[in-house]
Amino acid sequence: MHIMKRALITLCAVAAVASLQSCKMKTADSVVSGDAASRVYVAPGKYDEFYNFVSGGFSGNVTVYGLPSGRLIKTIPVFSVFPENGYGYSEETKAMLNTTNGKVDWDDQHHLELSQTNGKQDGRWLFANANNTPRVARIDLTNFRTQEILQIPNSAGNHSSPFTTENTEYVVAGTRFSVPLGDADVPISSFKKNFKSTASFISVDKNSGHMKIAFQIVLPGMNLDLSHAGKGPSHDWFFFSCYNTEQAYTMLEVNASQKDKDFIVAVNWKKAEEYAKSGKGHIVPASYAHNTFDENTQKASTVMEKDVLTLDPKDCPDMIYMIPCPKSPHGADVDPTGEYIVGSGKLAALIPVFSFDKIQTAIKNKSFEGDFYGIPVIKYEAALHGEVKKPGLGPLHTEFDGKGNAYTSMFLSSEVVKWRLSDLQVLDRAPTYYSVGHIMIPGGDTREPSGKYLVAYDKITKDRYLPTGPELCQSAQLYDITGDKMQLLLDFPTTGEPHYGQGLPASMIKDKQVKYFDINKNHNEFVSMGEKKTKVVRTGNRVDVYMTAIRSHLTPDNIEGVFVGDEVYFHVTNLEQDWDIPHGFAIKNSPSVDLLIMPGETQSIKFSPVKQGIYPFYCTDFCSALHQEMSGYLRVSPKGANVPLKFGSGVIAPETAAK
């Protein structure tokens with residue numbers, strides 16, 4: 001009966017939201033100001049003011065848009081193979097997708113975080129999380145390439161990730177799904193006894209960006225949702241939202257929504273760091289992959305790590321505290337001053353705002369209401385700055401404009417609500433179309449927000465774009481927030497399911513972009529430093545083709561003496577030293593994909609012919625007026641045929657004895 005009652009309430013809420021959305025659909029254009037088009041227009045040849053990095057959701061990758069135009073300008077492959085440029089297919093990049101479960105070439109990419117210095121964006125790196133096979137990636141913002149992917153052990157569902165501390169000392173990775181640690185075979189019904197969640201703190205080298213799991217904090221079984229680091233006075237702290245403190249393991253929509261309050265988990269990472277260094281932790285076996293891409297050799301490699309340092313709160317007093325937060329909190333967002341922590345309970349009818357000063361006073365005075373598995377629980381009122389009353393339905397995520405205002409997304413009532421931090425008064429509300437999840441203000445989670453634009457990442461588009469069958473694209477909406485009232489300026493479609501985004505001024509990184517790779521620094525083991533260095537080498541049934549590409553020919557462009565069953569590796573070096581002149585390479589009927597080789601770079605692809613015949617190969621990227629002529633032929637003969645190895649361009653080279 002209790003379950004039926006809850007189900008009825010849920011259905012009524014859904015019906016109310018559907019009715020609300022239906023009304024909005026009829027008047028959507030009325031909220032757009034008359035000069036919106038001119039305010040988002042970026043003239044031909046002009047640059048956008050901001051880069052907007054958007055999580056690709058189930059595409060596994062990251063997309064980059066210009067703001068205010070909303071133009072898609074780049075897809076950065078991260079956790080998924082990417083046919084456009086051969087990421088994950090080329091021999092140089094395959095290792096980036098290695099895990100202890102083999103090569104995992106897909107993921108559910110939820111959140112992004114830009115690196116910071118002194119709590120401000122520094123334009124060096126972008127971090128991305130993988131929710132499905134827990135991983136954290138680091139992307140270099142000078143070349144927009146994934147440079148490193150670190151698998152997270154003792155984790156299931158890396159959702160509360162990859163948020164950073166103020167100086168990018170650490171990137172965190174919090175567990176969405178609690179699981180038994182290690183390989184224990186236990187009943188699911190033993191959840192409370194055997195299941196754990198973890199918060200991993202990944203150190204980041206301040207010069208190279210190299211990542212390493214410094215320590216993992218083992219927490220009771222619950223679902224860590226989102227997190228953010230403190231700022232200024234709260235610098236030493238990290239705040240995680242969590243839900244399912246009921247520790248349910250079935251029918252979570254009912255059984256994980258029983259309590260009026262879950263928690264914000266407040267972690268003093270400085271104390272955790274001290275405990276880790278003083279020997280309070282335990283080194284436990286844990287196998288996980290660490291993949292890095294070396295720009296000198298232009299090749300990815302994998303190291304399989306064997307253990308990890310864990311910290312148990314029972315052994316580390318004063319490291320963690322719980323703050324009650326209504327109800328099933330999603331966001332845990334810290335304002336630019338570092339004083340206010342906003343918890344967004346997605347099933348709550350209010351927004352609780354906590355005071356860091358009050359939290360510290362409560363800890364000092366031991367204003368606790370008990371404990372949760374030995375972790376002190378601070379009294380709700382003792383930590384509370386106040387509550388935003390009746391803000392809307394389904395609060396999820398809050399960003400800040402640096403002017404004392406906060407903006408919270410309302411999933412159920414499909415709106416963004418602006419409110420003031422000092423007195424918690426609602427100042428404005430703007431409809432979204434529809435069911436907004438995360439929002440983004442460039443720098444809105446740092447000490448220095450831009451306060452000019454807000455982007456809402458919407459889950460449902462309904463009537464916003466031309467229909468495309470049962471599945472419609474998801475959407476972003478751009479708002480001007482410079483005035484007292486928010487103004488909707490633009491809709492633009494997005495790739496995958498966008499969860500969260502980051503934005504930074506284009507001026508911060510546009511002039512630092514790598515335009516081509518210096519071929520003199522190319523230390524790829526298969527590089528061809530000029531056409532005279534090209535060759536074809538047989539070693540057993542392996543054939544290595546050392547090839548060059550330059551407008552508008554490939555060298556060599558005729559190859560014979562290859563047999564069915566051989567493993568043929570094409571190593572293609574792009575000899576160009578000019579901006580935006582990549583060359584492609586593909587061979588007909590290959591089950592693999594094409595390469596896209598940047599100027600000065602070498603990439604390799606494996607081809608294993610299964611039938612005899614003549615196989616054309618060609619440049620796949622239009623590079624000149626004679627692009628169509630940039631091609632060649634591979635002759636594949638029957639296995640055991642008496643065909644000598646020959647190769648060349650223009651004139652076939654004399655026969656070369658097979659090695």
Side-chain angles (χ1 to χ4, degrees), residues 53 55-56 60-62 64 74-82 85-88 90-101 103-107 109-116 122-153 155 158 161-165 167-173 200-216 286-306 308 502 509 512 514 517 523-524 598 601 603:
F53 302 94
S55 62
N61 296 323
V62 173
V64 188
K74 181 75 174 177
T75 297
I76 305 173
V78 185
F79 300 110
S80 293
V81 292
F82 194 56
N85 67 2
Y87 178 85
S90 73
E91 295 302 305
E92 282 75 15
T93 59
K94 282 181 179 179
M96 292 302 290
L97 302 176
N98 285 340
T99 75
T100 51
N101 301 303
K103 183 184 178 187
V104 177
D105 54 13
W106 167 85
D107 221 296
Q109 201 281 296
H110 275 221
H111 306 122
L112 300 170
E113 181 87 327
L114 287 161
S115 58
Q116 298 180 25
D122 58 23
R124 301 182 70 190
W125 306 303
L126 176 71
F127 297 93
N129 78 323
N131 185 40
N132 188 271
T133 300
R135 290 172 282 181
V136 169
R138 178 176 57 86
I139 298 163
D140 188 333
L141 291 182
T142 64
N143 57 27
F144 282 51
R145 286 182 161 188
T146 303
Q147 300 286 1
E148 189 174 11
I149 295 179
L150 179 63
Q151 188 180 358
I152 310 299
S155 177
N158 171 37
S161 172
F163 305 101
T164 73
T165 51
N167 290 299
T168 320
E169 298 98 336
Y170 294 101
V171 174
V172 298
S200 302
F201 281 73
I202 303 165
S203 63
V204 181
D205 185 272
K206 64 181 180 180
N207 296 314
S208 67
H210 186 79
M211 300 187 295
K212 179 182 179 181
I213 298 178
F215 53 85
Q216 289 184 318
S287 180
Y288 55 102
H290 190 179
N291 310 323
T292 55
F293 188 85
D294 187 327
E295 286 290 357
N296 291 316
T297 62
Q298 301 181 352
K299 190 174 180 65
S301 60
T302 299
V303 173
M304 288 294 179
E305 305 288 355
K306 300 300 183 183
V308 69
Q502 291 274 274
I509 63 172
K512 299 177 182 178
V514 172
F517 296 101
H523 298 296
N524 187 298
M598 297 300 113
E601 182 182 47
Q603 285 202 38

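For Asn167, the side chain to side chain contact (heavy atoms under 4.5 Å, CB included) partners at least two apart in sequence or on another chain are Thr117, Asn118, Glu169, His235. For Thr100, the side chain to side chain donor-acceptor pair (under 3.5 Å) partners are Gln151, not counting sequence neighbours. Every side chain to side chain donor-acceptor pair (under 3.5 Å) that Asp107 has, sequence neighbours left out, goes to Arg135. Asp205 meets the side chain to side chain donor-acceptor pair (under 3.5 Å) test with Ser208; sequence neighbours excluded. Every residue two or more places apart in sequence or in another chain that forms a side chain to side chain donor-acceptor pair (under 3.5 Å) with Ser90 is listed here: Thr93, Gln603. Scanning for side chain to side chain contact (heavy atoms under 4.5 Å, CB included) contacts around Glu305 gives Tyr288, His290, Val303, with sequence neighbours left out. Not a single ring pair (Phe, Tyr, Trp, His ring centres under 6.0 Å) links Phe293 to another residue, sequence neighbours left out. Listed by chain and number, the residues in a ring pair (Phe, Tyr, Trp, His ring centres under 6.0 Å) with Phe163 are His111, His228 (sequence neighbours excluded). Remark: Phe144 engages Tyr51, Phe53 in a ring pair (Phe, Tyr, Trp, His ring centres under 6.0 Å) (not counting sequence neighbours). Residues forming a side chain to side chain contact (heavy atoms under 4.5 Å, CB included) with Ser301 (at least two apart in sequence, or on another chain): Thr292. Residues satisfying the side chain to side chain contact (heavy atoms under 4.5 Å, CB included) test with Asn85, not counting sequence neighbours, are Pro77, Phe82, Tyr87, Leu596.
Taking 4.0 Å as the cut-off between side-chain N and carboxylate O, Arg145 and Glu92 do not count as a salt-bridged pair.
Screening residues 289-299 for salt bridge (charged side-chain N to carboxylate O under 4.0 Å, His left out) gives no qualifying pairs among residues at least two apart or on separate chains.
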